[in-house]
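This report refers to the structure that appears directly beneath it.
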Amino acid sequence: MPKNRLEAFTDAIIPIIMTVLVLELGEPKRYSWNGLWNMHEELLAYAISFFLLAIVWGNHHHMFQVVEKIDGLVIWANTSLMFFLSFVPFATAIVNDDPHSLFGSQLYTLLFIFINLAWNFLRVSLLRANRNSQLLIDTLKHEPKSLITLAAFVAVFCLTYFWHEFGMIGTFLVMMLWIMPYQSIEKAMRRL
């Protein structure tokens, strides 16, 4: 099965999620700099969520550069990733409703734990579908960044019991590991 339709599907879904995210932003109570400042927590939550979605999209695109083919399991793995990503506006709205809430903070971090698990499901299903691609196996089989990320998200989740606001901030800090895509893919692409 060619991979381009799956990539096109993902390239359509993530911008829709980003659009829903911006539509959830309220308007300032007063149209002034002070009115805008009164929304600073909501705007920060929007910015964090937007850039986290952009990081996932960029890494998805990057990973698919070394993919040769997909199968039904890859389609469902990618669909599960899109499913969890589609909850980002929902979790962001809950955080915005009460930025100091333990529930909102933990829900946001828990969502990214599930996004990470879905990412790993996609990575493993790609390895299964591309068993004969040495390039893909070399770049994605022994990849510790996803496991480090999962452990860090669990740590952030636990830390929210002591500092409620840390959920979204900690999640953002953990996702900074993904600003630089897989280095193994970078090296492999340079050799081609």
Side-chain angles (χ1 to χ4, degrees), residues 7 9-63 78-120 122 145-183 186:
E7 287 179 293
F9 175 75
T10 302
D11 288 348
I13 294 295
I14 292 178
I16 291 170
I17 296 168
M18 291 171 153
T19 302
V20 170
L21 190 64
V22 76
L23 293 174
E24 291 289 320
L25 277 176
E27 294 181 15
K29 290 186 174 43
R30 290 186 336 220
Y31 293 114
S32 66
W33 294 116
N34 191 36
L36 199 58
W37 174 251
N38 290 336
M39 295 181 60
H40 72 278
E41 288 177 329
E42 189 176 348
L43 292 169
L44 180 62
Y46 164 76
I48 288 172
S49 293
F50 183 91
F51 285 108
L52 292 180
L53 288 166
I55 288 169
V56 172
W57 175 81
N59 279 277
H60 187 278
H61 171 72
H62 194 72
M63 182 169 60
N78 195 74
T79 300
S80 71
L81 178 63
M82 295 304 107
F83 173 76
F84 288 114
L85 287 175
S86 72
F87 278 99
V88 170
F90 175 74
T92 305
I94 290 173
V95 169
N96 281 339
D97 195 45
D98 184 1
H100 309 287
S101 156
L102 174 63
F103 171 72
S105 186
Q106 287 185 332
L107 178 69
Y108 196 85
T109 304
L110 188 62
L111 175 60
F112 274 86
I113 289 172
F114 282 109
I115 289 169
N116 180 270
L117 291 171
W119 179 270
N120 278 302
L122 177 60
K145 189 173 10 178
S146 294
L147 296 175
I148 292 167
T149 303
L150 181 60
F153 281 147
V154 171
V156 168
F157 184 86
C158 293
L159 284 171
T160 59
Y161 282 107
F162 306 102
W163 180 23
H164 298 345
E165 295 83 0
F166 190 63
M168 186 172 260
I169 296 164
T171 299
F172 181 73
L173 293 174
V174 171
M175 285 299 290
M176 290 299 100
L177 292 169
W178 292 88
I179 287 283
M180 295 299 296
Y182 292 119
Q183 293 304 303
E186 290 286 314

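- What you find for N120 and S146 is that their closest heavy atoms are OD1-CB, 3.0 Å.
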*List the steps and the verdict of side-chain contact (heavy atoms from CB on, under 4.5 Å) for I148 and L177.*
CA-CA 9 Å; I148 292 167; L177 292 169; 4.2 Å; yes
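- Taking the six-membered ring where the residue is Trp, the centroids of F153 and F157 are separated by 6.0 Å or more.
- The two residues G104 and V95 make their nearest non-hydrogen contact at O-CG2, 3.4 Å.
- Atoms CD1 and CG, on I115 and L110 in that order, are 10.0 Å from each other to the nearest 0.5 Å.
- A pairwise comparison of heavy atoms in E165 and P99 identifies CG-O, 3.6 Å as the closest pair.
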*Between M176 and I55, does a side-chain contact (heavy atoms from CB on, under 4.5 Å) hold up when you go through it step by step?*
CA-CA 8 Å; M176 290 299 100; I55 288 169; 3.6 Å; yes
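- Taking a 6.0 Å sphere around CE of M180, one finds it holds 12 or fewer heavy atoms contributed by other residues, nucleotides or ligands.
- Partner of W178 under the side chain to side chain donor-acceptor pair (under 3.5 Å) criterion, chosen from T149, N116, N59: T149.
- For the pair E41/M168, no side-chain contact is recorded, criterion being any heavy-atom separation below 4.5 Å from C-beta on.
- Atoms CG and NE2, from N78 and H60 in turn, are 3.5 Å apart once rounded to the nearest 0.5 Å.
- Counting heavy atoms from C-beta outward, V156 and F112 have side chains that stay 4.5 Å or more apart.
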*Start with the C-alpha gap between V22 and L25, add the side-chain angles, then the distance that decides, and say whether side-chain contact (heavy atoms from CB on, under 4.5 Å) holds.*
CA-CA 5 Å; V22 76; L25 277 176; 4.1 Å; yes
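- Ring geometry for F90 versus F87: interplanar angle over 60°, hence perpendicular rather than tilted (30 to 60°).
- Here the CD1 atom belonging to I13 is positioned 9.0 Å from the OG1 atom belonging to T79, to the nearest 0.5 angstrom.
- Ring-plane geometry between H40 and W37 is classed as parallel, the angle between the planes falling under 30 degrees on a 0 to 90 degree scale with a further cut at 60.
- Taking each heavy atom of L21 and P89 in turn, the nearest pair found is CD1-CA, 3.7 Å.
- When all heavy atoms of L85 and I14 are compared, the pair lying nearest together is CD1-CD1, 4.0 Å.
- Applying the side chain to side chain contact (heavy atoms under 4.5 Å, CB included) test between T109 and each of T171, L159, V174 identifies T171 as the sole match.
- The minimum heavy-atom distance linking G35 with P28 is given by the pair O-CB, 3.7 Å.
- Not a single donor-acceptor pair under 3.5 Å links the side chain of E24 to the backbone N or O of T92.
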_Quick one, H61 with D11, criterion side-chain hydrogen bond (donor to acceptor under 3.5 Å, both in side chains). Give me CA distance, side-chain angles, the key distance, then yes/no._
CA-CA 9 Å; H61 171 72; D11 288 348; 5.6 Å; no
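- Judged purely by atom type and a 3.5 angstrom limit, S105 has no side-chain atom pairing as donor or acceptor with the backbone of S101.
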*Take V88 and M18 through the side-chain contact (heavy atoms from CB on, under 4.5 Å) test and state the conclusion after the steps.*
CA-CA 9 Å; V88 170; M18 291 171 153; over 6 Å; no
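- A 4.5 Å side-chain heavy-atom check between S49 and Y108 finds at least one atom pair inside the cut-off.
- Summarising the local packing, CZ of F166 is surrounded by more than 12 heavy atoms from other residues, nucleotides or ligands at distances under 6.0 Å.
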